[in-house]
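Heads up, the thing below is written out as structure tokens.
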Amino acid sequence: MGLIEFILLYLVSSLFWKWVISWGGAQWLEGWKSFFIIDWFAWVWTAEQIRLYALVAWVFSTLFFLLGLFKPEWRF
């Protein structure tokens with residue numbers, strides 16, 4: 001994967017996590033929709049639990065992004 005594609009993928013991912021955390025996405029995802037968007041275990045989660053999951057996922061994706069910037073073989 002090229003650098004530009006990798007950066008664009010991270011930006012799209014970050015925009016999604018920002019929507020979930022700050023712009024009402026967690027409330028929208030609550031219930032059966034989270035089953036399809038997040039995973040099968042999330043359908044019983046509240047909006048706060050979805051926001052926590054989004055925050056943790058965003059932190060890990062940021063760490064992966066930073067590693068991928070400097071080690072191109074880690075981009076997949």
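Other cluster members for Val12: none, since no ILVMFWY side-chain heavy atom sits under 4.5 Å from it.
Qualifying side-chain contact (heavy atoms from CB on, under 4.5 Å) partners for Trp19, counting only residues two or more places apart in sequence or in other chains: Phe16, Trp23, Trp28, Leu29. Partners of Phe41 by ring pair (Phe, Tyr, Trp, His ring centres under 6.0 Å), not counting sequence neighbours, listed by chain and number: Trp45. In terms of the side-chain contact (heavy atoms from CB on, under 4.5 Å) criterion, residue partners of Ala26 (sequence neighbours excluded) are, by chain and number, Val20, Ala47, Ile50, Arg51. For Ser13, the side chain to side chain donor-acceptor pair (under 3.5 Å) test picks out Trp17, with sequence neighbours left out. Shown here are the side-chain contact (heavy atoms from CB on, under 4.5 Å) partners of Phe36, two or more places apart in sequence or in another chain: Trp32.
The structure places CG of Leu15 at 8.5 Å from CG of Leu11, a figure rounded to the nearest 0.5 Å. The CZ atom of Phe65 lies 11.0 Å from the CG atom of Leu67; values are rounded to the nearest 0.5 Å.
Clustering ILVMFWY residues whenever any of their side-chain heavy atoms sit less than 4.5 angstrom apart, transitively, puts Trp40 in the very cluster that holds Val44. Put simply, Val56 and Ile37 are part of two different groups of oily side chains (I, L, V, M, F, W, Y) that touch within less than 4.5 Å, one to the next.
Residue pairs satisfying the salt bridge (Lys or Arg N to Asp or Glu O under 4.0 Å) criterion with at least one member in residues 36-47, sequence neighbours excluded, are absent. Listed by first and then second residue, the side-chain hydrogen bond (donor to acceptor under 3.5 Å, both in side chains) pairs that reach into residues 66-76 come to none, sequence neighbours excluded. Applying the salt bridge (Lys or Arg N to Asp or Glu O under 4.0 Å) rule to pairs touching residues 17-33 yields nothing, sequence neighbours excluded.
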Let me check something: any side-chain donor-acceptor pairs from residues 1-10 under 3.5 Å, sequence neighbours excluded? List them with distances.
unit_1: Glu5; atom_1: OE1; unit_2: Gly2; atom_2: N; d: 3.0
unit_1: Tyr10; atom_1: OH; unit_2: Thr62; atom_2: OG1; d: 2.7

